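Notes for the one structure printed next.
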Amino acid sequence: KQALARQPEVMSSSKPYARLGDVAFDKMEKINAELLTMTYGALVTQLIKDYQDVGMVNQELEKMGYNIGCRLVDEFLAKSNVDSCATFQETALVIAKVAFKMFLGVNCDVTSQSSDGRRFDLYFKDNPLTQFVELPPKCADLDYSNILCGVVRGALQMVQFVSEVKLTKSELKGDTGTGIRVTIKEVLKESYKDDDE
């Protein structure tokens, strides 16, 4: 008998955020999921050929994602109708229920959160980036979806959160879904220069 994999416990989510995510997703221009999967796979394959080092590929995917996240945050804020988040818990819910739904069309959950709210885990099944993908043994350490970690880190940086974002689970490594851990390291203060200076 095969043991059933334990599913992460999902924290209670706020229905308004799920509705906002659905509305935002409906407004977005769609692309074929298979096209996304194949294009991303070709990108990762080329990076592996160029760098010939899985560690370097992981870093490069995260950097690419960071740059994407820095740009996506403007579109997210313009199209999602989400107000400023008052707490880190609210930030986690907005990322999970609105942002992931809006841009990837996936339902994401906040599965755990530290007592101070500065660390939370995101979990989702059916990662569109990993469809049709199998990792060869030489790429066992590849964090194939690491681009998503960079996207989250870049978007948070643009709204004044310095964060560390790591892939914790991957369907390609035998897990039942994709897990991402977000740790808020610092909240930056916005500084304004006086034009008279």
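Because only heavy atoms are used, hydrogens play no part in the values below, and waters and symmetry mates are left out as well, while side chains stay in. Just so it is clear, the structure is predicted and the values come from calculations on it, not from any experiment.
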- Item | Spatial distance of atom CG (L167) from atom SG (C149) [nearest 0.5 Å] | 4.5 Å
- All salt bridge (Lys or Arg N to Asp or Glu O under 4.0 Å) counterparts of R181, not counting sequence neighbours: D121
Which donor-acceptor pairs under 3.5 Å do the side chains of residues 130-138 make with protein atoms, sequence neighbours left out?
| residue | atom | partner | partner atom | Å |
| --- | --- | --- | --- | --- |
| T130 | OG1 | N127 | O | 3.1 |
| T130 | OG1 | E171 | OE1 | 3.0 |

- Query: Do D109 and T111 have side-chain N/O donor and acceptor atoms under 3.5 Å apart?
  - Reply: no
- Task: Please report the closest heavy-atom contact between A92 and L122, naming both atoms and the distance.
- Result: O-CD2, 4.1 Å
- Message: Working to the nearest 0.5 angstrom, can you tell me the gap between N146 CG and M64 CE?
- Response: 12.0 Å
- For S115, check side-chain contact (heavy atoms from CB on, under 4.5 Å) against everything at least two apart and list the hits. none
- Under the side-chain contact (heavy atoms from CB on, under 4.5 Å) rule, what do F103 and V98 come out as? Steps first, then yes or no, please. CA-CA 9 Å; F103 290 112; V98 184; over 6 Å; no
- Task: Evaluate the side-chain proximity of L148 to L104: yes if any heavy-atom separation is below 4.5 Å, no if none is.
- Result: yes
- Task: Could you walk me through whether S80 and M102 pass the side-chain contact (heavy atoms from CB on, under 4.5 Å) test, one step at a time?
- Result: CA-CA 8 Å; S80 68; M102 182 175 172; 4.1 Å; yes
- Item | Heavy-atom side-chain contact between C108 and K101 under 4.5 Å | no
- Taking side chain as C-beta onward, heavy atoms only, is Q113 less than 4.5 Å from Q89? yes
- For D83, what residues pass the side-chain hydrogen bond (donor to acceptor under 3.5 Å, both in side chains) criterion, not counting sequence neighbours? none
- Message: Which residues pass the side-chain contact (heavy atoms from CB on, under 4.5 Å) test with A155, not counting sequence neighbours?
- Response: V73
- Between K173 and D143, is a salt bridge (Lys or Arg N to Asp or Glu O under 4.0 Å) present by the stated rule, with each step listed? CA-CA 9 Å; K173 295 181 180 182; D143 291 332; 3.0 Å; yes
- Item | Side-chain donor/acceptor of R118 to backbone N/O of S114, under 3.5 Å | no
- Task: Rounded to the nearest 0.5 Å, what's the gap from CD on E60 to CD1 on I147? Could you check?
- Result: 9.5 Å
- From E164 CD over to R119 CZ, what is the distance, rounded to the nearest 0.5 angstrom? 11.5 Å
- T37 side chain vs L129 backbone, donor-acceptor pair below 3.5 Å: no
- Note on the structure: side chain to side chain donor-acceptor pair (under 3.5 Å) with Y123: of D175, T168, T176, only one passes, and it is T176
- Item | Pairs satisfying salt bridge (Lys or Arg N to Asp or Glu O under 4.0 Å), at least one member in residues 147-158, at least two apart | E62-R153
- How would you list, by chain and number, every residue that makes a salt bridge (Lys or Arg N to Asp or Glu O under 4.0 Å) with K166, sequence neighbours excluded? none
- Query: So with a 6.0 Å cut-off around CG of D141, is the heavy-atom count from everything else above 12?
  - Reply: no
- V82 versus F76, closest heavy-atom pair with distance: CG2-CZ, 4.2 Å
- Item | Sub-4.5 Å side-chain heavy-atom contact between V106 and D126 | no
- Task: Would you sort out whether F100 and V152 count as a side-chain contact (heavy atoms from CB on, under 4.5 Å), showing the intermediate values?
- Result: CA-CA 10 Å; F100 270 89; V152 172; 4.2 Å; yes
- Query: Apart from L188 itself, what residues make up its hydrophobic cluster, given side-chain heavy atom links below 4.5 Å?
  - Reply: V162
- Side chains of I95 and V110: closer than 4.5 Å at any heavy-atom pair? no
- Message: Applying side-chain hydrogen bond (donor to acceptor under 3.5 Å, both in side chains), can you list everything that pairs with T183, at least two apart in sequence or on another chain?
- Response: none
- Message: Just verifying a value: how many Å separate S163 OG and K185 NZ, rounded to the nearest 0.5 Å?
- Response: 9.5 Å
- For residues 47-68, pull every pair meeting ring pair (Phe, Tyr, Trp, His ring centres under 6.0 Å), keeping only residues two or more places apart or in separate chains. none
Identify each donor-acceptor pair in which a side-chain atom of residues 38-48 lies under 3.5 Å from a protein atom, sequence neighbours left out, and give them as a table.
| residue | atom | partner | partner atom | Å |
| --- | --- | --- | --- | --- |
| T39 | OG1 | L35 | O | 2.7 |
| Y40 | OH | Y144 | O | 2.5 |
| T45 | OG1 | G41 | O | 2.8 |
| Q46 | NE2 | D50 | OD1 | 2.9 |

- Message: Any heavy-atom pair between the side chains of S170 and T178 that's under 4.5 Å?
- Response: no
- Note on the structure: Hits for ring pair (Phe, Tyr, Trp, His ring centres under 6.0 Å) against F88, two or more places apart or cross-chain, chain-then-number order -> F161
- Say you draw a straight line from CG of L93 to SG of C85; how long is it, rounded to the nearest 0.5 Å? 8.5 Å
